[in-house]
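Presented below is the structure to which this report refers.
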Amino acid sequence: MQLTEIIRNVRLGIKDLMIHGLRSLLTMLGMVFGVGSVVAMLSVGEGAGKEALEQIQKLGSNNIIIDSVKPVEQASSSKGRFALDLYGLRYKDFERMVQAIADIKSAVPVKITREKAYYADNVLEVRVVGSTPDWFQLVDHNVLSGRVFQASDMSNRANVVVVTENVARKLLTFSGEQRSNIRIGSNFFEVVGIISSGDAKDGDGGVQTPDSPLDVYIPINVMRERFGDIAVRKVSGATIREKVELQQVIVQVNAKEQVESSALAIETMLANFHDKKDYTMRVPLALLRQAEATKRTFNIVLGSIAGISLLVGGIGIMNIMLATVTERTREIGIRRAIGARRGQIILQFLIETVLLSMFGGIIGIFLGLLIPFLITYFADLETIVTWYSIVFSFGISLTVGVIFGLYPAVRAANLNPIEALRHE
Amino acid sequence: MSKNPIIRLENATKTHTLGSEEVHALDGINFTMEQGSFWAIMGPSGSGKSTTLNILGCLDHLTSGKYFLKEEDISQLNDDELSEIRLSHLGFIFQSFNLIPQLTVQENIELPLYYLNWQPNAYAKRARDLADLVGLADRLNHRPNELSGGQRQRVAIARSLANDPYIILADEPTGNLDSANGEQILQLIIDLNKNGKTIAMVTHDPDIAAHASHQLHIRDGKIDRIECRESKGE
Ligand SMILES: Nc1ncnc2c1ncn2[C@@H]1O[C@H](COP(=O)(O)OP(=O)(O)O)[C@@H](O)[C@H]1O
Ligand SMILES: [Mg+2]
């Protein structure tokens, strides 16, 4: 088989398909929608999974995050105006964890409160996060300017603060320069560094990252001294006073394999010392696996639906090619009489089918690019068209062409030339 | 006439089996066609003329017997090998022209040369020369349905000549034409023969057969008689 022969058959095939332009177009439609739906569906699946996966990955696959939560039973238990709700993780819990669990590589206690921050004439409600310097190792970020606080800051009980880029822009109204003193609540802090902001779409996709764009970070011992453990909140008119020692503990283990056992050990330990379940544990690795499994299922379901439409497209093409072969029986007889070998007849009709499915596939790819664009535009769903979905569906359309073209082509080639010449 | 044999059939038999019934389309045929001869194959309908021509044209296998093409026994060749012989050494003219409707005159004439893997400029030139030979040089870009019956048969003749065959096999080439056009086509075939082409032509018409050098009369799959007109040729 020579290249010139293939080229000649391609030209012949295009010509024959053009003679029945409308019919060829209608035949291609099955392929167009099949391939279009593969590309579009995969792009929706990809887009839906991406955000969740990214956020989970940001949490760190070796990390375990334990948050204090108000136990459900206690919600109505606060009596009187000055009742104090006491719950959540304790300083002692943190110490016990670090001592008892061998696989822990590092762990940080986190105190969180909301305060107003002041600089010049600017006021901004920020989230004050108190932790140790290790926090900056456990939570993904970039230092944009200056430094993060250090062990020495903690031992000096220095009033230093690290702010996010977002806070720097809004509060300091410029970025890139620290060395300013800002007031948080009633205390002055020196800005020593600016780090990149956490994800703005906090909590989207069911996963909350440990950082937020409105964060300012101070040493935890300073925080405890300046802000205490008691928070006062106003909820629908009533004043609620809560005492929570630690809002969060982030633990990092040495290796992925230790995540699950460590999480279990922490869980068991906390259960021993807490009467009520006033904490929750998040294991990013487990979430990651779950999200990946969901995404896989999603892709399989979508892929199967799209696969069925490709199959239908292929059958449509085969149907038309069988009709074409019958219609062109005489031509096949002529070619065979002139001296075309069976293989050459097969090639001719196979190429015609492949052209049909390939053109259908190409148009389908454009459709598959257009649909996600429209989905994103009108439904505001994130879609990602991956190059492999395009390659994949193009490959599929070729394969469908070959598979469904083979039978009509072989049938054409096996016609008896004498009978074919006598046809109609 | 040169004594160079092109085709020899030895005890050629073709039997069609329909269920339990056997139809002997050819029943022990022997003859030799020499180069440059012009054979008219005659006989009543159903006598086996077309079968003979199909066998000669390598479109059909013998049930038994031998077929020598240029002294080479080709009765045992497979489908691809027979295709190769048709492609390289045989030319066909049919009663119903058998041009490919979606191809132009030029492309129809070129068709055998595609399969022979000629270079495009070579086959284009050859097609033009052949169209010129049959008087259709100005119709190269027409499609068959834009031509008259006589013109279509000329295209078919040009196509049959493209591979410069040993022999041209024609099954009632004037059968679908009016007498004037039939006359012209016959004259074209006679001219080809005068220029040395070997011809085997099925016909009913004794007037047409009268131009041939040999008349092969078939009846019930057997040779009734062979008439040889010695005055034909040199
Ligand atoms: N494919 C076939 N199956 C069965 N019988 C056939 C077939 N082809 C030809 N015949 C029979 O062989 C005989 C010769 O046919 P044919 O060569 O076509 O005759 P002619 O061309 O002289 O009219 C006829 O009796 C015909 O019915
Ligand atoms: Mg006949």
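Chain letters run A, B, ... following the sequence lines, proteins first, then strands; residues in each count from 1.
Within 6.0 Å of CZ in B/Phe31 there are more than 12 heavy atoms belonging to other residues, nucleotides or ligands. Counting non-hydrogen atoms of neighbouring residues, nucleotides and ligands closer than 6.0 angstrom, the NZ atom of B/Lys66 reaches no more than 12 such neighbours. Annotation for B/Lys125: atom NZ does not count as buried by contact number, only 12 or fewer foreign heavy atoms lying within 6.0 Å. A 6.0 Å sphere centred on CG of B/Asp129 holds more than 12 heavy atoms belonging to other residues, nucleotides or ligands. Crowding of A/Arg11 atom CZ: a count of heavy atoms from other residues, nucleotides or ligands under 6.0 Å not exceeding 12.
To the nearest 0.5 Å, atom CG of residue A/Leu12 and atom CD1 of residue B/Ile100 are 8.0 Å apart. For the atom pair CD (B/Gln102) and NE2 (A/His20), the distance works out to 7.0 Å, reported to the nearest 0.5 Å. To the nearest 0.5 Å, atoms CG (B/Leu53) and CD1 (A/Ile418) are separated by 10.0 Å. Rounding to the nearest 0.5 angstrom, the gap separating the CG atom in B/Leu99 from the CZ atom in A/Arg330 is 10.0 Å. The line from OH of B/Tyr114 to CG of A/Asn9 is 10.5 Å long, rounded to the nearest 0.5 Å.
Interface residue B/Phe94: only side-chain heavy atoms are found under 4.5 Å from chain A.
For residues 153-170 of chain B, heavy-atom neighbours of chain A at less than 4.5 Å comprise B/Arg159, sorted by residue number. Using a 4.5 Å cut-off between non-hydrogen atoms, the part of residues 76-92 of chain B that approaches chain A consists of B/Asp79, B/Asp80, B/Ser83, B/Arg86, B/Leu87, B/Phe92. Residues of residues 332-344 of chain A that come closer than 4.5 Å to chain B, counting heavy atoms only, are A/Ile334, A/Arg335, A/Arg336, A/Ala337, A/Ile338, A/Gly339, A/Ala340, A/Arg341, A/Arg342, A/Gln344, ordered by residue number.
Note on A/Arg8 versus B/Glu110: no salt bridge recorded, every NZ/NE/NH1/NH2 to OD/OE distance being 4.0 Å or above.
When all heavy atoms are compared, the tightest approach of A/Thr4 to B/Asn117 is OG1-OD1, 4.4 Å.
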Just list the side-chain donor-acceptor pairs under 3.5 Å for residues 28-42 of chain A, sequence neighbours left out, or say none.
residue : atom : partner  : partner atom : Å
A/Ser37 : OG   : A/Phe33  : O            : 2.9
A/Ser37 : OG   : A/Gly34  : O            : 2.8
A/Ser37 : OG   : A/Ser309 : OG           : 3.3

